[in-house]
Amino acid sequence: MLKNIILNIIAISLCNLAIAQSVSSDVKEESNIYEQIYDAPINVVGKGQVSFQELYNQKPLLLALVFTRCSGVCNPFLFQLKENLALKTNDKSFNVLVLSFDPRDNMTDMSLLAQRFELENNEQWFFGTTNSIEELNQSINFYPIWDSIKNQYDHDALLIGINNQGYITKKLIGVRQGHDLDLLIASVNNIFSPTYRLPNKNMLFSCFNYDPKTGENKLGLGLLFIALPAVLTVLLLILISYLVKRKEPKNKEIF
Amino acid sequence: MQQQPILVLFLALAGAATIVFIYVFVSSKKAAQTDQGMSNPLKKRFWFLLILFVILGIFTSVTIPKSPYYLFAGETPTKVVHVSARQFAFILSEKAIDPKNPSGENIELPANELVEFRVTSLDVNHGFAIYDDSNRLITQVQAMPGYVNRLQYKFKKPGKYDILCLEYCGMAHQVMKSTFIVK
Amino acid sequence: MESIKIKKITSVWIITVLLLFVASIVLGILMRLNQGEVISQSPITFYSNMTTHGLTMIGIWFVAGMAAVNYLMQRYVKTSYTANVFALVLTVVGVVLFWASTFVGKFHAAWTFLYPLPFKDMGSETWATILFLISLTVFGIGWLIWSVSLMAQILKKYSISQSFAWQHLTKNPTVETPPFILITMVTLVGVIACLITAVVLLVLFYAEYFSGGSFVNDALLMKNLTYFFGHTIANEMLYLGLAVIYELFAEVSGRPKWKTTWYVALAWNLSLVFILTAFFHHLYMDFVQPEGLQIVGQLASYLASLPAAGVTVFSIFIAVYRTKIKWSLTNLLFFMGIAGWVIGGLGAVIDSTISNNIVLHNTLWVPAHFHTYNAMGNVLFSLGFFYWFSTQFTAYFHNKKFTNSILALLLIGGTGFLLAFYVGGAESIPRRYSTYPAELSVGVNLATIGAVFATIYLIAILMFFFNITKRCLKILSSTS
């Protein structure tokens, strides 16, 4: 009976495994942590030219690197970011800077991009360009490759956390879900999380999932396995007690 | 140098316990047939438990805030070292370590500044234990596959530090070693 | 007829345990000699011996406690002879399979076989890992059925609340639950919980093994399960020994039997809770574990000492202090064992403090404290029972010289052997190193000293072995 229960749980869990393992793995995420980002001058839509430092001194930044003519990941990336952040309406501890790495993009392109995502009036979001994109790219280890056949950049969707002293605290590569974003937001606010999970591992049986919003570990499915033996023992105790009491009158002679 | 006081504390407590046991044993050996044993045992038991409870309570409240998880809270490290442990070596690098093609370099760390080790494992569980130049264990964390543990430390003395594996990881566990310099 | 059968099977258990004990001590001494650079073994030999030593020791002292409890339980309820024999057969089969996996297959992932090491266990035969897992399964099935059977027999006579002595928490209890039944029940619950954990752990291991890599486990979960099982079984086997002491100490001392009171009932019920949560202290250095559980680990480890010290140790003091009692080897071993348990407990409480653990975790301090309450605690409880049992049915005369020399050798050997561990721990010498690097050469000398004293301890055990085995063989060959 016990083995059946466990095997059932495993069977159900295995079905979910494919979903759990879809997060991409990239060690580049670990590079440049706690290094200073290049202090590039930024042209911000509606604000004019400011230094990077002014922006991050004001509030920690989430920096998203895109280009407006992108037919690939940029649009879903920004859309996902907007959707995820929309769930965190109360969190005003950071701003978002959407910066173009394509020298062809001008302020009109960026303004149109902001309008397309209906973010032009959102105080938390900045859209801008810079003349020093190469220096900036170098300081964050980001190297988009121009593909002249497709007339597109081949690049990662990159989101960088920058704290209010201009240090890179965390990077996320790829379109990522709320939990990773929470870790990023925690990191720009200098909240220490003692551990984190590497992407692309089986997350299903994880006992605990760190929740950066509260700074606590949420209980995962794996914890069930730790609690299971104690619960089963109690059930077994009750079951045995019930069985022996029921049998007792019949067996009195024999025992 | 946390270990010496710990050993002294233990030996003192163990010595005291031994004396109590010997005392109780001798009192039985010497007891006359008419002796009635301990008087008021319930009351004595109550006081014994209460004192023990208070001592443990004090110990808890003093030691828990000193747990490694709460040290250096709110400080930003000046340097990050990535550590990937694998059978049977430590790979240390200031850059991220690619698990498919891991490579590291020699590490130099600043003294009296907060350093962060981001420790993980590429295969089995390992330990990441830092020994100072007098071969004393000063801090440690586990290296667990699939997780990154962040160990923070401020090195007070410049010098050579050794890293040893403190979680049994297979046949060459005892030779798994690396070093770094603190300047 | 029934009483002859139980006598005989208990004798077989005793002989088996002592034989395996002597063999495991020899392996332990070889390990210390290798660390002391007196002999030279290959690392694989060392680590597979270490694996054999660890699991055999845990196994035999668990079954020794179970066999003793099973024997004494006959005084209160009828127990199943079949379950007892079944457990014996599976234990022996398990040992054979397990030793084949380590001695022949060179399996060397240590008795904790921390995931995923058994799958990346270089240098051993390919079949060794699966044979090891099968041997654990065999042990698990045998012991689980035995424990469940004993629990069922208790529950036939006592209701759940009576078996946990809850009625003693009320003002005027009408039924008395003997302390032996209470402790056995509390211990069996813990034993069953940790054996079920072992089943879950093994299922997860098998799932990965047979899925051919498509199913991967979570290392943190596996570590939690490993220590739930490992820590708890190591702890519960000590409690089996305590059940024996509660039953026999007063009896062999010629004093009135101990009674269950409200504080005894409360203490043992609390112990059950603390024992099942204390294992978190094995994961202090895994920062990924939630801080809440780390603190639960420290609190449970601390609190576990309160009922233990306040009730069991204090009860022993009350029983002995200024009381004329009949001292024999049995109750002397019990008394000394309690002292060893307390001292080991002190070492354990120090190590279970998170801020100390960061400099003690996985150093020799760990084997230091658990060898204290095993080699100088639990083993003495069981040896006390063995001696008492074997002298019940055979011509016996009190030999003071034999008693004194055994105790002196145990004490000298044990103390020296353990001190070498404690000092090693304070000197930051890692545990589970086949040899020490040049800069930790102090570990080499300590290991040699440890080996010498362990040999003295072994001499005492050998004297015991011959004395008791001779008697047990007589019991086996007798017809009444």
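We name chains A, B, ... by the order of the sequence lines, and we start the count at 1 in each one.
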- Using non-hydrogen atoms only, which part of C:F279 is less than 4.5 Å away from chain A: side chain, backbone, both, or neither? side chain
- Which one of C:I160, C:V77, C:V148 has the most heavy-atom pairs closer than 4.5 Å to chain A? C:I160
- Item | Separation of A:L237 CG from C:F164 CZ (nearest 0.5 Å) | 5.0 Å
- Message: Show the nearest heavy-atom pair for residues C:A193 and A:P229, with the distance to one decimal.
- Response: O-CB, 3.3 Å
- Around A:Y167, counting heavy atoms of other residues, nucleotides and ligands shown, do more than 12 lie under 6.0 Å from its OH? no
- Message: Could you check whether atom CZ of A:F79 has more than 12 heavy atoms from other residues, nucleotides or ligands sitting under 6.0 Å from it?
- Response: no
- Partner of A:T233 under side-chain contact (heavy atoms from CB on, under 4.5 Å), picked from C:I196, C:L276, C:T197, is C:I196
- Query: About how many Å separate CG of A:L232 and CD1 of C:I192, when rounded to the nearest 0.5 Å?
  - Reply: 11.5 Å
- Item | Contacting region of A:L236 [heavy-atom separation from chain C under 4.5 Å] | side chain
- Item | Nearest heavy-atom neighbours spanning A:I240 and C:L155 | CG2-CD1, 3.8 Å
- What's the spacing between A:S241 OG and C:Q162 CD if we round to 0.5 Å? 10.5 Å
- Item | Which portion of C:F229 sits near chain A, non-hydrogen atoms under 4.5 angstrom | neither
